[in-house]
Amino acid sequence: MDYMEFKNQMLAEIEERLTEKEYACYEPADGNMLEESLVIQEGNEPIRFGATTTSMYRAYKSGYSIRQIAEEIIREKDGHKEIKGLEKIRMLDDYERVKEDLYIRIVSTNKKVTVLERGIYRKIGDIILGVYLRINEDDGKLCTTLIDNTYLDKWELSKEDVLEQAMDNTVKMAPPRFYDGMQLKLSILTGRYGGIPIKEFSPTENERRYGCFLSTDKKTNGATAVFYPGVARMICLAYGTQAIYIVPTSIHEVAIHDSRYTEDVEMLSKCLEAVIQESTPDDEVASNHVFMYELETDRITEVM
(Lines give C-alpha, C1' and ligand atoms only; values in the text may rest on other atoms or scores of the structure.)
Protein backbone atom coordinates (compact mmCIF):
# COMPACT_ATOMS: atom_id res chain seq x y z
CA MET A 1 0.00 0.00 0.00
CA ASP A 2 1.50 3.35 -1.03
CA TYR A 3 1.63 6.46 1.15
CA MET A 4 -1.49 8.20 -0.26
CA GLU A 5 -3.61 5.06 -0.09
CA PHE A 6 -2.46 4.55 3.51
CA LYS A 7 -3.50 8.09 4.41
CA ASN A 8 -6.98 7.61 2.97
CA GLN A 9 -7.54 4.28 4.72
CA MET A 10 -6.08 5.62 7.97
CA LEU A 11 -8.49 8.58 7.94
CA ALA A 12 -11.46 6.31 7.21
CA GLU A 13 -10.48 3.98 10.05
CA ILE A 14 -10.25 6.90 12.50
CA GLU A 15 -13.56 8.40 11.37
CA GLU A 16 -15.38 5.15 12.17
CA ARG A 17 -14.33 5.55 15.82
CA LEU A 18 -15.32 9.19 16.36
CA THR A 19 -18.40 10.59 18.05
CA GLU A 20 -21.00 12.57 16.09
CA LYS A 21 -19.45 15.84 17.27
CA GLU A 22 -15.91 14.98 16.19
CA TYR A 23 -14.23 14.95 12.81
CA ALA A 24 -10.76 14.12 11.58
CA CYS A 25 -8.59 15.60 8.86
CA TYR A 26 -4.97 16.04 7.84
CA GLU A 27 -3.34 19.41 8.41
CA PRO A 28 -0.11 20.48 6.72
CA ALA A 29 3.01 21.63 8.54
CA ASP A 30 2.67 25.16 9.92
CA GLY A 31 3.97 27.26 12.79
CA ASN A 32 2.50 24.84 15.34
CA MET A 33 3.25 21.52 13.64
CA LEU A 34 6.57 20.68 12.04
CA GLU A 35 5.09 17.92 9.87
CA GLU A 36 1.76 17.04 8.34
CA SER A 37 -0.39 15.59 11.14
CA LEU A 38 -3.71 13.93 11.73
CA VAL A 39 -6.03 16.28 13.65
CA ILE A 40 -9.16 15.23 15.51
CA GLN A 41 -11.42 18.14 16.34
CA GLU A 42 -14.53 18.47 18.51
CA GLY A 43 -16.59 21.60 18.00
CA ASN A 44 -14.30 24.60 17.77
CA GLU A 45 -11.64 23.11 20.01
CA PRO A 46 -8.77 21.36 18.17
CA ILE A 47 -7.15 18.35 19.82
CA ARG A 48 -3.80 17.56 18.19
CA PHE A 49 -1.69 14.47 18.73
CA GLY A 50 2.00 13.77 18.39
CA ALA A 51 1.49 11.07 15.76
CA THR A 52 2.43 12.69 12.47
CA THR A 53 1.42 11.18 9.16
CA THR A 54 4.95 9.92 8.48
CA SER A 55 5.26 8.32 11.94
CA MET A 56 1.95 6.50 11.44
CA TYR A 57 3.13 5.28 8.03
CA ARG A 58 6.41 4.06 9.53
CA ALA A 59 4.44 2.12 12.16
CA TYR A 60 2.36 0.57 9.39
CA LYS A 61 5.45 -0.42 7.39
CA SER A 62 6.98 -2.00 10.49
CA GLY A 63 4.05 -4.40 10.88
CA TYR A 64 1.25 -2.59 12.75
CA SER A 65 -2.17 -2.81 11.12
CA ILE A 66 -4.21 0.30 10.30
CA ARG A 67 -6.76 -0.88 12.87
CA GLN A 68 -4.11 -1.08 15.61
CA ILE A 69 -2.78 2.38 14.81
CA ALA A 70 -6.29 3.86 14.79
CA GLU A 71 -7.15 2.29 18.15
CA GLU A 72 -3.96 3.70 19.69
CA ILE A 73 -4.76 7.19 18.40
CA ILE A 74 -8.29 6.98 19.85
CA ARG A 75 -6.85 5.88 23.21
CA GLU A 76 -4.53 8.88 23.07
CA LYS A 77 -7.46 11.18 22.27
CA ASP A 78 -9.47 9.89 25.22
CA GLY A 79 -6.48 10.18 27.52
CA HIS A 80 -5.94 13.76 26.34
CA LYS A 81 -9.53 14.62 27.28
CA GLU A 82 -9.02 13.26 30.76
CA ILE A 83 -5.87 15.34 31.13
CA LYS A 84 -7.73 18.43 29.94
CA GLY A 85 -10.40 17.76 32.57
CA LEU A 86 -7.76 17.62 35.28
CA GLU A 87 -6.27 20.85 33.94
CA LYS A 88 -9.64 22.56 34.32
CA ILE A 89 -9.89 21.43 37.92
CA ARG A 90 -6.37 22.74 38.59
CA MET A 91 -7.44 26.11 37.13
CA LEU A 92 -10.29 26.52 39.60
CA ASP A 93 -8.44 29.15 41.64
CA ASP A 94 -8.63 31.47 38.62
CA TYR A 95 -12.28 32.43 38.14
CA GLU A 96 -11.71 34.08 34.75
CA ARG A 97 -10.32 30.84 33.34
CA VAL A 98 -13.21 28.64 34.46
CA LYS A 99 -16.24 30.91 34.57
CA GLU A 100 -17.47 29.89 31.09
CA ASP A 101 -17.56 26.25 32.22
CA LEU A 102 -19.67 26.79 35.34
CA TYR A 103 -22.92 24.87 35.01
CA ILE A 104 -26.19 24.54 36.94
CA ARG A 105 -27.43 21.01 37.65
CA ILE A 106 -30.54 19.89 39.46
CA VAL A 107 -29.30 17.69 42.28
CA SER A 108 -30.66 14.18 42.87
CA THR A 109 -32.03 13.44 46.34
CA ASN A 110 -29.16 11.10 47.22
CA LYS A 111 -26.57 13.84 46.57
CA LYS A 112 -28.34 16.73 48.32
CA VAL A 113 -26.55 16.37 51.65
CA THR A 114 -23.14 16.80 50.01
CA VAL A 115 -24.26 19.85 48.03
CA LEU A 116 -25.93 21.44 51.06
CA GLU A 117 -22.78 20.98 53.12
CA ARG A 118 -20.15 21.94 50.53
CA GLY A 119 -21.74 23.38 47.44
CA ILE A 120 -22.91 26.65 45.92
CA TYR A 121 -26.63 26.23 45.37
CA ARG A 122 -30.13 27.67 45.20
CA LYS A 123 -32.97 25.93 47.06
CA ILE A 124 -36.60 25.93 45.88
CA GLY A 125 -38.76 23.79 48.16
CA ASP A 126 -36.73 20.60 48.36
CA ILE A 127 -35.23 21.15 44.89
CA ILE A 128 -31.52 21.95 44.92
CA LEU A 129 -29.84 23.66 41.97
CA GLY A 130 -26.08 23.26 42.39
CA VAL A 131 -23.11 24.87 40.63
CA TYR A 132 -20.74 22.44 38.89
CA LEU A 133 -17.71 22.69 36.64
CA ARG A 134 -18.15 21.23 33.15
CA ILE A 135 -15.12 19.02 32.52
CA ASN A 136 -16.01 17.50 29.17
CA GLU A 137 -18.91 16.19 27.12
CA ASP A 138 -19.06 12.98 25.09
CA ASP A 139 -22.06 11.75 23.08
CA GLY A 140 -24.33 14.15 24.94
CA LYS A 141 -23.13 12.90 28.33
CA LEU A 142 -21.93 15.76 30.46
CA CYS A 143 -19.09 15.17 32.91
CA THR A 144 -19.07 17.69 35.77
CA THR A 145 -17.66 18.13 39.26
CA LEU A 146 -19.19 20.01 42.19
CA ILE A 147 -17.80 23.48 42.95
CA ASP A 148 -16.94 23.76 46.65
CA ASN A 149 -18.30 26.87 48.39
CA THR A 150 -14.78 27.75 49.60
CA TYR A 151 -14.13 29.10 46.09
CA LEU A 152 -16.45 32.04 46.79
CA ASP A 153 -13.79 33.51 49.07
CA LYS A 154 -10.97 32.68 46.65
CA TRP A 155 -12.85 34.35 43.80
CA GLU A 156 -14.03 37.23 46.01
CA LEU A 157 -17.52 36.83 44.57
CA SER A 158 -20.97 36.44 46.07
CA LYS A 159 -23.01 33.29 45.79
CA GLU A 160 -25.53 35.13 43.59
CA ASP A 161 -22.80 36.31 41.17
CA VAL A 162 -21.62 32.75 40.64
CA LEU A 163 -25.14 31.35 40.34
CA GLU A 164 -25.99 33.98 37.74
CA GLN A 165 -22.91 33.21 35.66
CA ALA A 166 -23.54 29.46 35.86
CA MET A 167 -27.20 29.87 34.91
CA ASP A 168 -26.34 32.04 31.89
CA ASN A 169 -23.90 29.35 30.72
CA THR A 170 -26.41 26.55 31.25
CA VAL A 171 -29.15 28.26 29.24
CA LYS A 172 -26.71 28.53 26.32
CA MET A 173 -25.36 24.98 26.69
CA ALA A 174 -28.73 23.24 27.07
CA PRO A 175 -31.72 25.15 25.62
CA PRO A 176 -35.19 24.10 26.87
CA ARG A 177 -37.34 21.80 24.73
CA PHE A 178 -40.88 20.45 24.97
CA TYR A 179 -41.75 16.79 24.40
CA ASP A 180 -44.93 14.78 24.36
CA GLY A 181 -44.91 11.36 26.00
CA MET A 182 -44.06 9.48 22.79
CA GLN A 183 -41.25 11.87 21.86
CA LEU A 184 -39.78 11.41 25.32
CA LYS A 185 -39.81 7.62 25.00
CA LEU A 186 -38.26 7.78 21.54
CA SER A 187 -35.56 10.16 22.76
CA ILE A 188 -34.57 7.67 25.43
CA LEU A 189 -34.44 4.83 22.88
CA THR A 190 -32.66 6.71 20.10
CA GLY A 191 -30.45 9.08 22.10
CA ARG A 192 -31.70 12.01 20.00
CA TYR A 193 -33.43 14.76 21.92
CA GLY A 194 -34.95 17.13 19.39
CA GLY A 195 -38.15 18.33 20.99
CA ILE A 196 -39.81 21.70 20.31
CA PRO A 197 -37.95 24.94 21.18
CA ILE A 198 -39.77 27.01 23.77
CA LYS A 199 -40.29 29.95 21.42
CA GLU A 200 -42.11 27.65 18.97
CA PHE A 201 -44.19 25.84 21.59
CA SER A 202 -47.95 25.98 21.03
CA PRO A 203 -49.73 23.35 23.17
CA THR A 204 -52.20 21.04 21.48
CA GLU A 205 -55.60 20.35 23.03
CA ASN A 206 -54.28 17.08 24.47
CA GLU A 207 -51.28 18.87 25.96
CA ARG A 208 -53.60 21.46 27.49
CA ARG A 209 -55.71 18.76 29.11
CA TYR A 210 -53.11 16.12 29.96
CA GLY A 211 -49.84 17.99 30.11
CA CYS A 212 -46.48 17.65 28.37
CA PHE A 213 -42.81 17.31 29.30
CA LEU A 214 -40.11 19.95 29.54
CA SER A 215 -36.44 19.03 29.24
CA THR A 216 -33.48 20.29 27.18
CA ASP A 217 -31.90 19.43 23.86
CA LYS A 218 -29.46 17.23 25.80
CA LYS A 219 -32.05 15.60 28.10
CA THR A 220 -29.40 15.00 30.80
CA ASN A 221 -30.36 17.09 33.87
CA GLY A 222 -33.16 18.52 31.75
CA ALA A 223 -35.45 19.24 34.72
CA THR A 224 -33.21 22.24 35.41
CA ALA A 225 -34.77 23.99 32.40
CA VAL A 226 -38.00 24.92 34.20
CA PHE A 227 -35.90 27.02 36.60
CA TYR A 228 -34.19 28.99 33.81
CA PRO A 229 -35.05 32.72 34.03
CA GLY A 230 -38.36 33.41 32.33
CA VAL A 231 -39.08 29.84 31.21
CA ALA A 232 -42.00 29.10 33.57
CA ARG A 233 -43.51 32.46 32.66
CA MET A 234 -43.23 31.68 28.94
CA ILE A 235 -44.98 28.35 29.52
CA CYS A 236 -47.89 30.06 31.27
CA LEU A 237 -48.20 32.55 28.43
CA ALA A 238 -48.10 29.73 25.83
CA TYR A 239 -50.90 27.95 27.69
CA GLY A 240 -52.79 31.19 28.28
CA THR A 241 -53.11 30.30 31.96
CA GLN A 242 -52.35 32.01 35.26
CA ALA A 243 -50.57 29.02 36.78
CA ILE A 244 -48.97 25.68 35.95
CA TYR A 245 -48.13 22.63 38.02
CA ILE A 246 -44.61 21.26 37.74
CA VAL A 247 -44.07 17.56 38.43
CA PRO A 248 -40.36 16.57 38.60
CA THR A 249 -40.54 12.99 37.31
CA SER A 250 -36.71 12.79 37.35
CA ILE A 251 -33.65 15.04 37.21
CA HIS A 252 -33.94 14.80 33.42
CA GLU A 253 -37.43 16.19 32.84
CA VAL A 254 -40.54 17.66 34.45
CA ALA A 255 -44.19 17.19 33.52
CA ILE A 256 -46.12 20.44 32.98
CA HIS A 257 -49.87 20.70 33.72
CA ASP A 258 -52.23 23.63 33.18
CA SER A 259 -53.81 24.47 36.54
CA ARG A 260 -57.21 25.02 34.87
CA TYR A 261 -57.38 21.32 33.96
CA THR A 262 -55.94 20.05 37.25
CA GLU A 263 -58.54 19.96 39.98
CA ASP A 264 -56.94 17.17 41.99
CA VAL A 265 -53.36 18.06 42.93
CA GLU A 266 -53.24 15.04 45.22
CA MET A 267 -53.65 12.85 42.15
CA LEU A 268 -50.59 14.49 40.59
CA SER A 269 -48.67 13.73 43.77
CA LYS A 270 -49.77 10.08 43.68
CA CYS A 271 -48.78 9.82 40.01
CA LEU A 272 -45.35 11.25 40.82
CA GLU A 273 -44.92 8.73 43.62
CA ALA A 274 -45.84 5.88 41.25
CA VAL A 275 -43.47 7.10 38.52
CA ILE A 276 -40.58 7.35 40.98
CA GLN A 277 -41.23 3.89 42.41
CA GLU A 278 -41.69 2.19 39.04
CA SER A 279 -39.27 3.87 36.65
CA THR A 280 -36.96 6.48 38.19
CA PRO A 281 -33.56 5.20 39.42
CA ASP A 282 -32.60 6.35 42.92
CA ASP A 283 -29.80 8.56 41.64
CA GLU A 284 -32.19 10.34 39.24
CA VAL A 285 -34.92 11.35 41.71
CA ALA A 286 -35.14 15.14 41.96
CA SER A 287 -38.05 15.54 44.39
CA ASN A 288 -41.10 13.79 45.80
CA HIS A 289 -43.16 16.97 45.67
CA VAL A 290 -45.36 18.85 43.21
CA PHE A 291 -44.56 22.51 42.46
CA MET A 292 -46.54 25.44 41.07
CA TYR A 293 -45.61 28.54 39.11
CA GLU A 294 -47.98 31.53 39.24
CA LEU A 295 -47.84 34.48 36.87
CA GLU A 296 -49.01 36.89 39.55
CA THR A 297 -46.09 36.20 41.89
CA ASP A 298 -43.59 35.08 39.21
CA ARG A 299 -42.39 32.38 41.62
CA ILE A 300 -42.11 28.60 41.72
CA THR A 301 -43.23 27.13 45.05
CA GLU A 302 -43.68 23.66 46.49
CA VAL A 303 -47.38 22.89 46.94
CA MET A 304 -47.61 19.18 47.91
Side-chain angles (χ1 to χ4, degrees), residues 1-103 132-145 147 165-166 168-175 187 190-194 216-221:
M1 184 185 302
D2 66 22
Y3 183 67
M4 290 306 299
E5 187 178 359
F6 166 79
K7 283 179 58 178
N8 292 334
Q9 289 197 24
M10 189 75 249
L11 183 62
E13 193 77 21
I14 289 288
E15 286 175 336
E16 287 184 3
R17 291 166 167 77
L18 300 181
T19 68
E20 290 183 1
K21 295 183 179 181
E22 297 172 326
Y23 69 90
C25 63
Y26 290 108
E27 287 197 1
D30 59 20
N32 295 317
M33 294 180 292
L34 298 178
E35 297 183 45
E36 180 188 53
S37 300
L38 180 69
V39 173
I40 295 176
Q41 185 161 326
E42 181 174 4
N44 296 319
E45 186 175 358
I47 304 172
R48 288 178 170 81
F49 303 97
T52 62
T53 310
T54 53
S55 66
M56 290 188 295
Y57 190 56
R58 283 197 299 270
Y60 170 73
K61 297 295 282 185
S62 68
Y64 289 93
S65 69
I66 288 178
R67 178 184 59 79
Q68 289 172 319
I69 299 169
E71 288 174 351
E72 181 59 33
I73 289 174
I74 295 302
R75 278 194 293 271
E76 186 177 348
K77 170 183 75 74
D78 293 340
H80 185 73
K81 283 189 174 182
E82 290 180 10
I83 291 171
K84 287 188 68 184
L86 292 174
E87 288 174 350
K88 281 187 181 179
I89 293 172
R90 285 196 290 267
M91 291 190 300
L92 266 173
D93 283 349
D94 187 344
Y95 178 72
E96 291 301 317
R97 297 180 72 182
V98 299
K99 68 178 184 180
E100 300 299 326
D101 284 304
L102 298 181
Y103 188 83
Y132 290 75
L133 177 71
R134 179 181 63 167
I135 296 175
N136 58 49
E137 188 173 353
D138 275 322
D139 295 331
K141 295 178 180 178
L142 190 66
C143 179
T144 62
T145 187
I147 299 290
Q165 174 69 51
D168 287 346
N169 295 342
T170 308
V171 173
K172 295 172 187 174
M173 293 179 200
S187 72
T190 64
R192 290 188 288 272
Y193 311 116
T216 66
D217 63 349
K218 300 181 187 303
K219 184 66 167 58
T220 302
N221 304 302

Item to check | Lys99 side, atom NZ; Asp168 side, atom CG - distance, nearest 0.5 Å | outcome: 11.0 Å

Next on the checklist: What's the separation between atom CG in Asn221 and atom OG1 in Thr170, rounded to the nearest 0.5 Å?
Outcome noted: 9.5 Å

Next on the checklist: Check this for me: Tyr64, atom OH, are more than 12 non-hydrogen atoms of other residues, nucleotides or ligands nearer than 6.0 Å?
Outcome noted: no

Checklist entry - Looking at CG of Leu18 and CD of Glu16, how far apart are the two atoms once the value is rounded to the nearest 0.5 Å? => result 10.0 Å

Item to check | Note, Leu102 side chain near Tyr95 side chain (heavy atom, < 4.5 Å) | outcome: yes

Checklist entry - What is the minimum heavy-atom distance between Ala70 and Glu13, and which atoms define it? => result CB-CG, 3.5 Å

Checklist entry - Do Ile147 and Leu92 come within less than 4.5 Å of each other through their side chains, counting heavy atoms only? => result yes

Checklist entry - Which residue pairs satisfy the salt bridge (charged side-chain N to carboxylate O under 4.0 Å, His left out) criterion with at least one member in residues 58-68, sequence neighbours excluded? => result Arg67-Glu71

Item to check | Distance-minimising heavy-atom pair for Thr53 and Phe6 | outcome: O-CE2, 4.3 Å

Checklist outcome for this item: Shortest non-hydrogen pair, Pro175 vs Lys172, comes out as CD-O, 4.0 Å

Checklist outcome for this item: What one should report as the nearest heavy-atom pair of Thr52 and Glu36 is CB-O, 3.5 Å

Item to check | 4.5 Å side-chain heavy-atom contact, Glu15 and Glu22 | outcome: no

Next on the checklist: Checking Thr145 now: which residues fulfil side-chain hydrogen bond (donor to acceptor under 3.5 Å, both in side chains) with it, not counting sequence neighbours?
Outcome noted: none

Checklist entry - How long is the span from the CD atom in Gln9 to the CD1 atom in Ile66, to the nearest 0.5 Å? => result 4.5 Å

Item to check | Contact check, side chains of Asn169 and Arg134, non-hydrogen atoms, under 4.5 Å | outcome: no

Checklist entry - What's the spacing between Met10 CE and Met56 CE if we round to 0.5 Å? => result 6.0 Å

Checklist entry - Would you say Ile73 and Ile40 make side-chain contact, with heavy atoms under 4.5 Å? => result yes

Checklist entry - Going by heavy atoms in the side chains, are Leu11 and Leu38 under 4.5 Å from each other? => result yes

Next on the checklist: Students often mix this up, so state it plainly: with edges at 30° and 60°, are the rings of Tyr57 and Tyr3 parallel, tilted or perpendicular?
Outcome noted: perpendicular

Checklist entry - Looking at Ala174 and Tyr103, what are the two nearest heavy atoms and their distance? => result CB-OH, 4.1 Å

